[in-house]
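Chain identifiers are assigned alphabetically (A, B, ...) following the order of the sequence lines, protein sequences preceding nucleic acid strands; residue numbering begins at 1 within each chain.
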Amino acid sequence: MKNKNITDAWDGLVLSEETEDKIYEKIQQKLQPQKKQLIFKSLKLRPVLITAAIFIMLVTTVVATTPLILKMLGSDIGFFNSDKQTRYSADQELIKQYSSEVNVTAEKDGFSLTVDNIAFDGTFMNVFYTIKSDEINLFEEAKEYQDKYNLSYLVQHALVINEIQLEIPDYMFIKDVFGFAASDGYFVSDYELKGVRRYIITEDLPDMFDIEINYYYYWNNRGALFNIIEYPVLEPINIKLTVDMSESKIETLTLNPDIYATVIQPGYCYDIENDEYPDIVEHNITVDKVRISPLGNILVFTEEGGSSSINQELFNYYFIVDDKGNSYGKISDFVVSRKNWGENETYMVEFCGNVPSDAQYLKLIPYNYSIIITASPYDDLKKAELDSLPHKLKQSEYGNILIENCDTIDNTVSLTYKLEGMVGNNIFVLLNKEERSLSDCSFTIPIYNHTTDSYILVYTFNDSTVNTADTVKSIGIPQYDIELLEEQAIIIPLQ
Amino acid sequence: MIIEALPARSKEKTIINTTQNIEEIYKKYANMIYWVSFAYMKNNANTEDIVADVFVKLIKSKMQFQSEEHEKAWLLRTAINLCKDSLKHWRRKLVDIDEYENLQGENPFETNEILKSVMELPGRYKDAVYLYYYEGYSTEEIARILKKPQSTVRVHLHEARKILKGVLENEE
């Protein structure tokens, strides 16, 4: 909503032609020492031929194209052959069953990218890879940004499937993104980094398809070590492969239920235009897809109107249960497609747990909640002392969180927990010995361990000098007063 | 829309050609990027560098913009991030305050009461106010530009609105 006073004032700011010219010269100067300038100078003369030459040059210097066909029939994964624990280590035996050895390397500017393994079960693709440099101390480079970015950011790359980019380097106005990704990694040495990137692919793929892995070049580029979404600055290192799933014995249940439902919930979201919380929000939802795969389950639905208006937050408060009385926790919920602002928005959620093969249906039960507030902001928390784990914490009358373990290493806190019953969005509060909240930290998307039915959530304090073993004394969760909206539940037949 | 490089701005200055007219983009957005950056940098020399860096990144990125809105949002976000990073760099270097102040020239934000009020807002509110009340973005869009939760943006706007009560009298 524009404001006339501000627009008038701001419109009065005009850049002089002299300054404009000066900046333009600066741009030219900044481009001057780059090789690309020579290329583009030539481009003026014979654009078509030179463009082709540039393409060939980039391909020959950056791209390693190999006609390697991956069959995902199982392989050892070198990433796990280390004493370094990552969030994905928990599921390594399961992941290995759906993996293929790749071992393809591409090099650029003193860096090499080797894709070691890829594991794919039809929905979840794990790409394991190694980044090396003989010249640049990657660990030192990463330390520069340790306060802001953890390793998950440093190892990320982009994936293209059949020429469609899974994660386009800008989420903002993209109309058809069909997946989601998370990462982790560790340093083998100062000059070698191993990473894994886990993609969730919501679209149905043919038996054989091409993939392309683009690793964006962050290193030795101080001041520009950012998420690729913001700074896809340089040409990526690129590896192309073909995946053939025709011989794989993966059993994935894919359903396209196309169920339409209207859910009416209280408005949780502050409406700045009207300076109030709306009473109710109407969600018009189509359940598009359910996939139950060995490495995880996903649910995809589309909401009319999406979050184009702050009065219409995407339908987000619901439990997933089945007819056997099992509840499923949710992680990795994400918007995967936005048709246009103000029109439909497609949303994907990964739900965790083994769905019995004889389950008749899944049920999405919307709920209404309020957080129980007490006089002190910390009195309303149910707390577990770190030295008395495991400890069960009641979240509401419908569910508990069992805190099993908490590892405090350097500036990180790694929580292992189980969900019991129907648990709403589980928010943990880290507390110090005075029971004050420690909030100067970021956390990753939880990882679900299929074998133990536990979740792992890692917090990283922004200050790398924080010693969490000394600082973090207990964990708290807020208390929820939940009202189930059973009459509005959406039933998704599985058979 | 695929941007490949910097085209001629005027007859003699060409060093690069492109499939997309970067000069058009420069003409269209240089002013916006300059003043958004100036609000952070508060001096001409550093602001000029930031604007130049934004366009260098644009040229090198080969961004594929889906629409003009996308293009504009990318430029704004890049400018804001570069400013923040640059200021962090200055702070990290513990630059002599005199050296920094020597870079400052005339500041038009000081001579306009409304802009001055906006600039006096706590840092976290400024971007949200500019993007909401000047550019007309929704809170959802601002959240994505600034990479902040939408709820945070709304709170920032709510707080800023209280502070700017007199300034924001004429809401459209």
Return the set of residues passing salt bridge (charged side-chain N to carboxylate O under 4.0 Å, His left out) with B/E48 (not counting sequence neighbours), or none when no residue passes. A/K22, A/K26
Indicate the atoms forming the closest heavy-atom contact of A/Y24 with B/Y26, along with that distance. N-OH, 3.5 Å
Minimal heavy-atom distance between B/F55 and A/I27, with the atoms involved, is CB-CD1, 3.5 Å
Between B/Y34 and A/L13, does the side chain to side chain contact (heavy atoms under 4.5 Å, CB included) criterion hold? Intermediate values first, please. CA-CA 10 Å; B/Y34 186 90; A/L13 298 171; over 6 Å; no
